[in-house]
Number of protein chains: 2
Amino acid sequence: MDPRTQSRFEARARILKAMAHPTRLLILDELSREARCVGHLQEIVGADVSTVSRHLAILSEAGLVTRSRRGNQVLCTLTVPCVMNFFSCIETVLQTAARQSIDLVG
Amino acid sequence: MDPRTQSRFEARARILKAMAHPTRLLILDELSREARCVGHLQEIVGADVSTVSRHLAILSEAGLVTRSRRGNQVLCTLTVPCVMNFFSCIETVLQTAARQSIDLVG
DNA sequence: TGCGTATTTGCCAAATTAGCCAAAATGCGT
DNA sequence: ACGCATTTTGGCTAATTTGGCAAATACGCA
């Protein structure tokens, strides 16, 4: 395969991989409404702060979230808001799957 | 956290996780153009057939691809074409990241 | 039934991921 | 400089993912 094509798919996969975790999706969802500091996100997520910090590092590395110091704390911002649009499509996938299950049963 | 919210994010994450692999993205990309059998996809991917079959199983389980027997072979179809739309947004993420790198250097 | 082609599954080793605790940073206020 | 609040990193373990080979399965055809 064309190595350029190869690396384009790898780049895309890296971003999807960064999103592909319930906690990280929750974080993205929250940040799509408003920029938040790590502590706030931790409350929502309900896991160890270190865990949340690691998730944020992953999102940051993928370019989805930007972290900036605000004195004592770190403010997290969604860099590319459009990522949330994808979920309307995702829902379609889920609904299609559900409908097919119903078809099988009925 | 609300368990209903929890499981909604888990469902979304499962789908993203299924997409989050270069080979599987390549397969989805190919299928977005035309339905293909496993052997054809294997040629494009260039990995062991068993590996491709496993990737297809993952995509199928996520509800992204449907597999149906056509005599000797298995035809793979993209169930929800809109998944490919996401990539325009992904490209935005990549470009934003690239632009920021340039800003840092320049 | 037996053969050849197409696809899936069992099994295994290597690599990656996720989560927590403890420890280190980072920055504010005194 | 010191204590306090906030965030990140080191180190560890358990679980998951990936990929290939070999074996099994599914199907069409003679």
Side-chain angles (χ1 to χ4, degrees), chain A residues 1 6-7 9-28 30-31 34-78, chain B residues 1 6-7 9-28 30-31 34-78:
Chain A
M1 193 201 337
Q6 170 92 21
S7 62
F9 282 110
E10 281 170 0
R12 291 173 171 187
R14 266 195 297 276
I15 293 174
L16 285 168
K17 205 159 134 188
M19 297 177 69
H21 189 287
T23 297
R24 295 198 287 270
L25 287 180
L26 179 59
I27 290 172
L28 290 176
E30 177 68 13
L31 294 182
E34 193 174 352
R36 298 290 194 184
C37 65
V38 181
H40 184 99
L41 293 171
Q42 190 225 335
E43 283 176 26
I44 294 174
V45 168
D48 196 284
V49 202
S50 69
T51 299
V52 175
S53 177
R54 286 223 154 90
H55 281 306
L56 286 167
I58 290 169
L59 292 171
S60 168
E61 188 139 1
L64 293 164
V65 164
T66 302
R67 291 183 288 181
S68 55
R69 275 247 165 233
R70 285 291 187 279
N72 214 3
Q73 43 201 33
V74 171
L75 189 69
C76 302
T77 315
L78 190 58
Chain B
M1 196 203 333
Q6 170 90 22
S7 62
F9 282 110
E10 282 169 359
R12 291 172 171 187
R14 266 194 297 278
I15 292 174
L16 285 168
K17 204 160 135 190
M19 296 177 69
H21 189 286
T23 298
R24 294 197 288 268
L25 286 180
L26 179 59
I27 291 172
L28 290 176
E30 177 68 13
L31 295 182
E34 191 174 352
R36 297 290 194 185
C37 65
V38 181
H40 183 99
L41 294 170
Q42 190 226 336
E43 283 176 28
I44 295 175
V45 168
D48 196 283
V49 202
S50 68
T51 299
V52 175
S53 176
R54 286 224 153 87
H55 282 305
L56 285 167
I58 290 169
L59 291 171
S60 168
E61 188 140 1
L64 293 164
V65 164
T66 302
R67 291 183 288 181
S68 55
R69 275 245 167 234
R70 285 289 188 279
N72 214 4
Q73 43 200 34
V74 171
L75 189 70
C76 302
T77 315
L78 191 58

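Just so it is clear, the values below take in all heavy atoms, side chains as well, and ignore hydrogens, waters and symmetry mates. Chain A is the first sequence line, chain B the second, and so forth, proteins listed ahead of strands; every chain is numbered from 1.
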Handout entry: Salt bridge flag under 4.0 Å for residues E34(B) and R36(B)
Key = yes
Exercise for the section: Would you name the heavy atoms of C37(A) and L75(A) that are closest together and state the gap between them? Expected result: N-CD1, 4.0 Å
Fill in the blank from the handout: Axis-to-axis angle for the helix from dT1(C)-dA30(D) to dT30(C)-dA1(D), ends of five pairs each, to 10°, equals 20°
Problem - Base-contact (B) and sugar-phosphate-only (S) positions in nucleotides 25-30 of chain D, heavy-atom cut-off under 4.0 Å, - elsewhere - result: -SBS--
Completion exercise
Residues V38(A) and C76(A): closest non-hydrogen pair is CG2-SG, 4.2 Å
Handout entry: Donor-acceptor under 3.5 Å (R14(A) side chain, E61(A) main chain)
Key = no
For nucleotides 18-20 of chain C, which of its nitrogen or oxygen atoms have a protein nitrogen or oxygen under 3.5 Å away, and what is each distance?
from, atom 1, to, atom 2, distance (Å)
dA18(C), OP1, R24(A), NH2, 3.4
dA18(C), OP2, R24(A), NH1, 3.4
dG19(C), OP2, H55(A), NE2, 2.7
dC20(C), OP2, D48(A), N, 3.4
dC20(C), OP2, T51(A), OG1, 2.9
dC20(C), N4, R54(A), NH1, 2.9

Completion exercise
Tightest non-hydrogen contact, residues V45(B) and T23(B), listed as CG1-CG2, 3.5 Å
Handout entry: Rounded distance [0.5 Å steps], CZ in F9(A) versus CG in L25(B)
Key = 6.5 Å
Exercise for the section: Using a 4.5 Å cut-off on heavy atoms from C-beta on, say whether the side chain of Q73(A) contacts that of H40(A). Expected result: no
Exercise for the section: Taking R24(B) for its side chain and I27(B) for its backbone only, find out whether a donor-acceptor pair lies under 3.5 Å. Expected result: no
Handout entry: N/O donor-acceptor pair under 3.5 Å between Q42(B) side chain and A47(B) backbone
Key = yes
